[in-house]
Amino acid sequence: MSFEHVLVIGAGQMGGGIAQVVAASGRQVSLYDAAPGAVERGLAAMGKSLEKLAEKGGADPADVLGRVSAADDLVAADLMIEAVVEDAAVKANLFHRADELLPPEAVLASNTSSIPISSLAAATSRPDRVIGMHFFNPVPVLKLVEVVRGRETSDETAEAITELAREFGKTPAVANDFPGFVSNRILMPFINEAVWALHDGVADAEAIDTIAKLGFAHPLGPLALADLIGLDTCVAIMNVLREGLENERYAPCPLLEELVAAGKVGRKSGAGFFIYSQ
Ligand code: CAA
Ligand code: NAD
């Protein structure tokens, strides 16, 4: 399998970062987002990230950006990497459309944080070529790709995507198809428990994050990390865990849901547990 042209769907913080690492590996990228102006914002964020990396000897930003083109809709490519909102119905609809539009040999990958890959594969006629390719935020910096095999993902697809992750300079780790896979089965309950600690008045947000940063040597505390991920995404992931694992212990803390309902979804909205200047 060769992946010379990659269609990235979703130009938010993850899709933009994914488009950047794909283009930095020398491949052509088509970037599509349904929201007006989203691709332009994604390209601007890519430019800033590439400038930072160029100062440390990274690739020429103009060269990398020259391989990314804006698409008005889905286009044919060797590989799709879907990185839209964490909503199973929206993703399944895109997988169905991509299956109709992309050549039969193309691989359809999702950057979902938690949604079982087999449920996305079921929306296509090529479940052997559907796989999870789960990058970590910020994509240009963090080295992991969690490769998630659906029930029917072929060995050939899994091997090709694992090798591709290495070509992006990432370290792949393979997980099976459970809600939240490995990463968010561990991370999200940790974040949710930190939100409960705030909700219950165990400590204020600063103190909770200081305890995790200095006590566990984490680069960010769990509340700042939730703000980085997006509180909307955290709630969506908790709900996938709760429904998929059929256990109320994964229910999102009401404080998380209240902040999302108030539009305070973290860094991308300027406020969450903390306030951010744009
Ligand atoms: N592009 C390029 N470089 C970047 C960057 C980006 N987007 N973001 C940060 N950097 C660089 C900075 O330029 C800086 O470089 P120097 O050290 O050379 O100056 C370096 O990274 C550190 O950045 P900062 O000084 O701004 O701040 P920091 O030390 O706190 O690092 C961070 C920022 C890399 C985000 C770090 O805080 C971190 O790793 N945090 C943890 C992030 C994490 O856990 N992510 C996983 C989230 S879970 C997930 O992704 C899965 C899911 O499904 C939800
Ligand atoms: P985001 O909110 O920053 O961006 C999502 C983008 O998807 C938006 O630009 C939106 O306009 C676009 N979109 C929504 N519906 C669409 C559609 N039907 N067609 C095309 N575009 C559409 O979200 P994000 O943080 O980039 O997360 C995207 C995906 O990556 C989610 O599945 C999330 O769970 C996963 N993920 C997120 C993180 C993280 O830390 N934020 C880490 C790993 C994986």
Side-chain angles (χ1 to χ4, degrees), residues 7-21 24 31-42 45-59 61 64 71-74 80-98 109-115 117 120 132-146 148 175 180-188 190-191 209 212-213 216-222 224-241 260 265-269 272:
L7 166 65
V8 177
I9 308 183
Q13 52 180 344
M14 293 307 290
I18 294 166
Q20 181 180 326
V21 300
L31 181 59
Y32 165 66
D33 195 292
V39 170
E40 289 70 21
R41 286 191 294 277
M46 258 183 250
K48 284 189 192 153
S49 170
L50 286 163
E51 292 294 343
K52 284 187 200 171
L53 296 171
E55 282 166 19
K56 293 180 258 182
V64 176
D72 293 336
D73 200 350
L74 274 56
M80 168 189 90
I81 306 179
E82 168 278 313
V84 306
V85 60
E86 189 73 346
D87 179 310
V90 173
K91 287 186 192 290
N93 179 44
L94 278 170
F95 270 73
H96 180 69
R97 285 182 59 211
S110 177
N111 180 55
T112 176
S113 297
S114 59
I115 296 165
I117 298 304
L120 304 178
M133 196 172 194
H134 184 202
F135 292 81
F136 288 74
N137 186 7
V139 180
V141 180
L142 293 207
K143 293 291 175 204
L144 179 67
V145 172
E146 188 176 34
V148 186
F181 322 122
V182 173
S183 53
N184 283 310
R185 179 93 174 243
I186 298 170
L187 176 64
M188 259 330 127
F190 170 66
I191 287 177
D209 272 17
K213 275 197 292 187
F216 319 146
H218 287 190
L220 287 180
L225 182 54
D227 279 350
L228 173 71
I229 292 167
L231 306 190
D232 50 345
T233 302
C234 293
V235 167
I237 296 170
M238 288 305 295
N239 281 326
V240 171
L241 292 173
V260 173
V265 296
R267 282 196 200 194
K268 63 188 171 187
S269 67

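Numbering of ligands and ligand atoms starts at 1, following listing order. One is the number of the first residue; the rest follow in order along the sequence. The basis for the numbers below is simple: all heavy atoms, side chains too, and nothing from hydrogens, waters or symmetry mates. Given the structure is predicted, the values throughout are model-derived calculations rather than measurements.
Using the six-membered ring where Trp is involved, Phe136 and His134 have ring planes that are tilted, between 30° and 60° apart.
Side-chain contact between Pro140 and Leu53 is present, with at least one heavy-atom pair separated by less than 4.5 Å. No side-chain heavy atom of Val139 sits less than 4.5 Å from a side-chain heavy atom of Gln20. Side-chain contact between Leu74 and Leu94: present, with at least one pair of heavy atoms (C-beta onward) separated by less than 4.5 Å. Within the 4.5 Å cutoff, the side chain of Lys268 has heavy atoms near those of the Thr233 side chain. Side-chain contact between Ile229 and Ile191: present, with at least one pair of heavy atoms (C-beta onward) separated by less than 4.5 Å. Put simply, the side chain of Val21 reaches to within 4.5 Å of the side chain of Phe135, judged on heavy atoms.
Scanning Ile229, Ile191, Val141, Leu142 for the heavy atom closest to atom 39 (O) of ligand 1 points to Leu142. With Leu144, Asn184, Ile237 as candidates, the residue nearest to atom 52 (C) of ligand 1 on a non-hydrogen basis is Asn184. For atom 29 (C) of ligand 2, the candidate residues are Leu187, Val90, Val84, Val240; the nearest heavy-atom contact is made by Val84. When Ser113, Cys234, Pro138 are ranked by how near their heavy atoms come to atom 44 (C) of ligand 2, first place goes to Ser113. Across the listed options Ser49, Ala236, Ala45, Ser49 owns the non-hydrogen atom lying nearest to atom 6 (C) of ligand 1. Between Val139, Leu187, Asn137, it is Leu187 that holds the heavy atom closest to atom 48 (S) of ligand 1.
Across all non-hydrogen atoms, the minimal contact from Pro61 to Glu51 is CG-OE2, 3.9 Å. Looking at every heavy atom in both residues, Ala224 comes nearest to Asp209 through N-OD2, 2.8 Å. What you find for Leu231 and Gly272 is that their closest heavy atoms are CD1-CA, 4.1 Å. Closest of all the heavy-atom pairs between Val39 and Leu31 is CG2-O, 3.7 Å. Nearest heavy atom pair, residue Ser110 against residue Ile117, reads CB-CD1, 4.4 Å. Contact record, Met14 with Asn111: CB-ND2, 3.5 Å, taken as the closest heavy-atom pair.
Annotation: atom 7 (N) of ligand 1 to nearest protein heavy atom, Pro138 CB, 3.7 Å. Scanning all protein heavy atoms for the shortest distance to atom 2 (O) of ligand 2 gives Lys268 NZ, 3.0 Å. Looking at atom 3 (O) of ligand 2, its nearest protein heavy atom turns out to be Gln13 N, 3.1 Å. At the top of the distance list for atom 32 (O) of ligand 2, counting protein heavy atoms only, stands Glu86 OE1, 2.5 Å. Here the heavy atom of the protein found nearest to atom 5 (C) of ligand 2 is Val85 N, 4.0 Å. Nearest protein neighbour of atom 4 (O) of ligand 2, counting heavy atoms only, is Gly12 CA, 3.4 Å. Atom 43 (C) of ligand 2 has its closest protein heavy atom at Phe135 O, 3.2 Å. Summary of contacts: the protein heavy atom closest to atom 41 (C) of ligand 1 is Pro219 CG, 3.7 Å. Nearest protein heavy-atom contact of atom 44 (O) of ligand 1 is Leu225 CD1, 3.5 Å. Nearest protein heavy-atom contact of atom 37 (C) of ligand 2 is Met14 CG, 3.3 Å. From the protein, the heavy atom lying nearest to atom 30 (O) of ligand 2 is Asn111 ND2, 2.9 Å. For atom 20 (C) of ligand 1, the nearest protein heavy atom (residue, atom name, distance) is Lys56 NZ, 4.5 Å.
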**Prompt:** Lys52 and Val141: side-chain contact (heavy atoms from CB on, under 4.5 Å), yes or no, with the steps?
**Reply:** CA-CA 11 Å; Lys52 284 187 200 171; Val141 180; over 6 Å; no
**Message:** Assess the residue pair Leu187 and Leu225 against the criterion (side-chain contact (heavy atoms from CB on, under 4.5 Å)); give the C-alpha distance rounded to whole Å, side-chain angles, the decisive distance to 0.1 Å, and a yes or no.
**Reply:** CA-CA 10 Å; Leu187 176 64; Leu225 182 54; 3.8 Å; yes
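Under the 4.0 Å distance rule, the nearest protein heavy atom to atom 4 (C) of ligand 1 falls inside the cut-off. Checking atom 1 (N) of ligand 1 against the protein gives a heavy-atom contact under 4.0 Å. In this structure, atom 13 (O) of ligand 1 has a protein heavy-atom contact shorter than 4.0 Å. Protein heavy atoms come within 4.0 Å of atom 50 (O) of ligand 1. Within a 4.0 Å radius of atom 24 (P) of ligand 1, the protein has no heavy atom. Counting protein heavy atoms under 4.0 angstrom from atom 29 (O) of ligand 1 gives zero. Of the protein's heavy atoms, none falls inside 4.0 Å of atom 32 (C) of ligand 1. Protein heavy atoms come within 4.0 Å of atom 37 (O) of ligand 1.
Under 4.0 Å is where a charged nitrogen must lie from a carboxylate oxygen, and between Asp33 and Arg41 no such pair does.
Using modelled atom types, no side-chain atom of Asn184 and backbone atom of Ile237 make a donor-acceptor pair closer than 3.5 Å. For Gln13 (side chain) and Asn137 (main-chain N/O), no donor-acceptor pair under 3.5 Å exists by modelled atom type. In this structure a side-chain-to-backbone donor-acceptor pair under 3.5 Å is present from Glu82 to Val84.
By the criterion of a heavy-atom distance under 4.0 Å, both the backbone and the side chain of Ile229 are placed next to ligand 2. With a 4.0 Å heavy-atom cut-off, ligand 1 is reached by no atom of Thr233. Counting heavy atoms closer than 4.0 Å to ligand 1, residue His134 contributes side-chain atoms (C-beta onward) but none from N, CA, C or O.
Against a heavy-atom cut-off of under 4.0 Å, Thr233 is close to the following atoms of ligand 2: 33 (C), 34 (O). Contact atoms of ligand 2 toward Tyr32: 19 (N), 20 (C) (distance under 4.0 Å to a heavy atom of the residue).
Ligand 2 is approached by His134 to a heavy-atom distance shorter than 4.0 Å. Using a 4.0 angstrom heavy-atom cutoff, Lys91 counts as in contact with ligand 2. Using a 4.0 angstrom heavy-atom cutoff, Phe136 does not count as in contact with ligand 2. Distances shorter than 4.0 angstrom occur between a heavy atom of Ala83 and an atom of ligand 2.
Considering backbone and side-chain N/O of Asn137, one or more are found under 3.5 Å from N/O of ligand 2. Ligand 2 has a nitrogen or oxygen under 3.5 angstrom from a nitrogen or oxygen of Ala34. At under 3.5 Å, a nitrogen or oxygen of Asp33, whether backbone or side chain, sits near a nitrogen or oxygen of ligand 2.
Remark: His96 NE2 is loosely packed, at most 12 non-hydrogen atoms of other residues, nucleotides or ligands lying under 6.0 Å away. The 12-atom threshold is exceeded at CG of Asp73, counting heavy atoms of other residues, nucleotides or ligands nearer than 6.0 Å.
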